[in-house]
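Accompanying notes for the structure given below.
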Number of protein chains: 2
Amino acid sequence: MADANSHTQASPLFLREAEIRRGVELLYFGYANMVRGADGVLATRGLGRAHHRAMYFIARRPGLPVSDLLRLLAITKQSLSRVLGDLQTMQLVAVAVGARDRRQRLLTLTTEGAALEAALFEELRRGMAAAYTAAGQGSVTGFWAVLAGLIPQADRPLVEALQAGL
Amino acid sequence: MADANSHTQASPLFLREAEIRRGVELLYFGYANMVRGADGVLATRGLGRAHHRAMYFIARRPGLPVSDLLRLLAITKQSLSRVLGDLQTMQLVAVAVGARDRRQRLLTLTTEGAALEAALFEELRRGMAAAYTAAGQGSVTGFWAVLAGLIPQADRPLVEALQAGL
DNA sequence: CGAAGTAGGTCAACATGGCTGACGCAAATT
DNA sequence: AATTTGCGTCAGCCATGTTGACCTACTTCG
């Protein structure tokens, strides 16, 4: 890590191709390894990564309307409906009619769904906590800052809303 | 692990669930947005993300044997062979018989393949460079450190070999 | 040398999770 | 009253992953 700072003066080199590629590759492998951890748990239930993503966001924002989940996942409603159908059939997700807007379907995890999500999250937590610890707290801020910079302006409110009021 | 936390007063909170979830989410959205950038270029050629990943690593390590590419992508050879077949048919990738080991097929990009990879890389570069700039150089080191920590020990040499001798 | 292991290719069948397009309905908005 | 919005659904297609079986060519090792 002292090595990574070895170009102390040279700003012109800051955006060199090698540094971009390093970021691309670490992001690729880091993401792949993070999600791989949960696959084992998912397999025991016959679920896939798409189910995990949906459950994750529902856990994060109980009462989430379908339209919000669609925006977060950035997939079509046809794709989501298959996943959501599975989760409802398996009694992992429950829907409620919106109070303010009765057209909305508000999504929540059932008790069983919450338990499964917790088990899945534990897999993510294990890897992420180890990475935070190995890198040190100072690194975590930088990690967040660069990743936030990858998200287009237009999408940031979506992500921030997810993380608001923790 | 107590040691890594010991330099702040809020140590017990360092690995709080909210901070883990923030990392998970930023990693998810950051990765998704990075790769989305190249989709437009890929679509003009009728290619998918799997083709991009293969071309990326071949560009990164010209003369890469198939077995190494398989390890990097972590997919089966049957899956890869479809992708590689497409790329060879489209004259984007060329194969050569290994000199030391004649069983090996060493992969390289053709001139046309290299041009396409450059265009795809430019899409990645744009987003990553903007994120590096917005976050600042200090953040980039932390970004790398945390991501590296997500990669299991066993896989690190693979990634480091990719980045060696830049 | 001969046996065993390795690098790679191939056929076939199947699963997952995206997509488009076309409809329909109930509820909210104007 | 007309329009828009939120959601669901049928039907079919595509990209990309999987398993398992089987094959050749080449290298390595006893």
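To find a chain, count down the sequence lines: A is the first, B the second, and so on, and within it residues start at 1.
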Over how many whole Å does the gap from [X] atom [atom1] to [N] atom [atom2] extend?
X      : N       : atom1 : atom2 : value
L84(B) : dT10(C) : CG    : P     : 10 Å
H51(A) : dA15(C) : NE2   : P     : 14 Å
L64(A) : dG6(D)  : CG    : C1'   : 14 Å
L42(A) : dT18(D) : CG    : P     : 16 Å
L70(B) : dT18(D) : CG    : P     : 10 Å
R53(A) : dG17(C) : CZ    : C1'   : 8 Å
D86(B) : dT16(D) : CG    : P     : 8 Å
L80(B) : dA15(D) : CG    : C1'   : 15 Å

task = On DNA chain C, check which nucleotide each of G46(A) and A74(A) is closest to and give me the residue with the more 5' one.
result = G46(A)
Testing the basics here: between [X] and [Y], what is the closest heavy-atom pair and its distance to 0.1 Å?
X       : Y       : answer
G149(A) : A131(B) : C-CB, 3.6 Å
G23(B)  : M128(A) : C-CE, 3.8 Å
E123(A) : G37(A)  : OE1-O, 3.2 Å

Return yes if some donor-acceptor pair links the side-chain N/O of [X] with the main-chain N/O of [Y] below 3.5 Å, else return no.
X       : Y       : value
R61(B)  : A161(B) : yes
Y132(A) : E19(B)  : yes
T110(B) : Q91(B)  : yes
R156(B) : I151(B) : yes

Lys/Arg N to Asp/Glu carboxylate O, D39(A) vs R36(A), below 4.0 Å = no
request  = Considering only NZ, NE, NH1 and NH2 on the basic side and carboxylate oxygens on the acidic side, decide whether R21(A) and E17(A) come within less than 4.0 Å.
outcome  = yes
[X] side-chain N/O to [N] phosphate OP1/OP2 under 4.0 Å:
X       : N       : answer
S79(B)  : dT18(D) : yes
T76(A)  : dC19(C) : yes
S67(A)  : dT5(D)  : no
R105(B) : dT6(C)  : no

Can you check nucleotides 23-27 of chain C for protein contacts, nitrogen or oxygen pairs under 3.5 Å, and list what you find?
| residue | atom | partner | partner atom | Å |
| --- | --- | --- | --- | --- |
| dA27(C) | OP1 | R102(A) | NH2 | 3.1 |

ask   = Out of dT9(D), dC7(D), dG17(C), which has the shortest distance to the side chain of S81(A)?
value = dT9(D)
Would you tabulate the pairs of protein nitrogen or oxygen atoms and nucleotide nitrogen or oxygen atoms of nucleotides 11-14 of chain C closer than 3.5 angstrom?
none

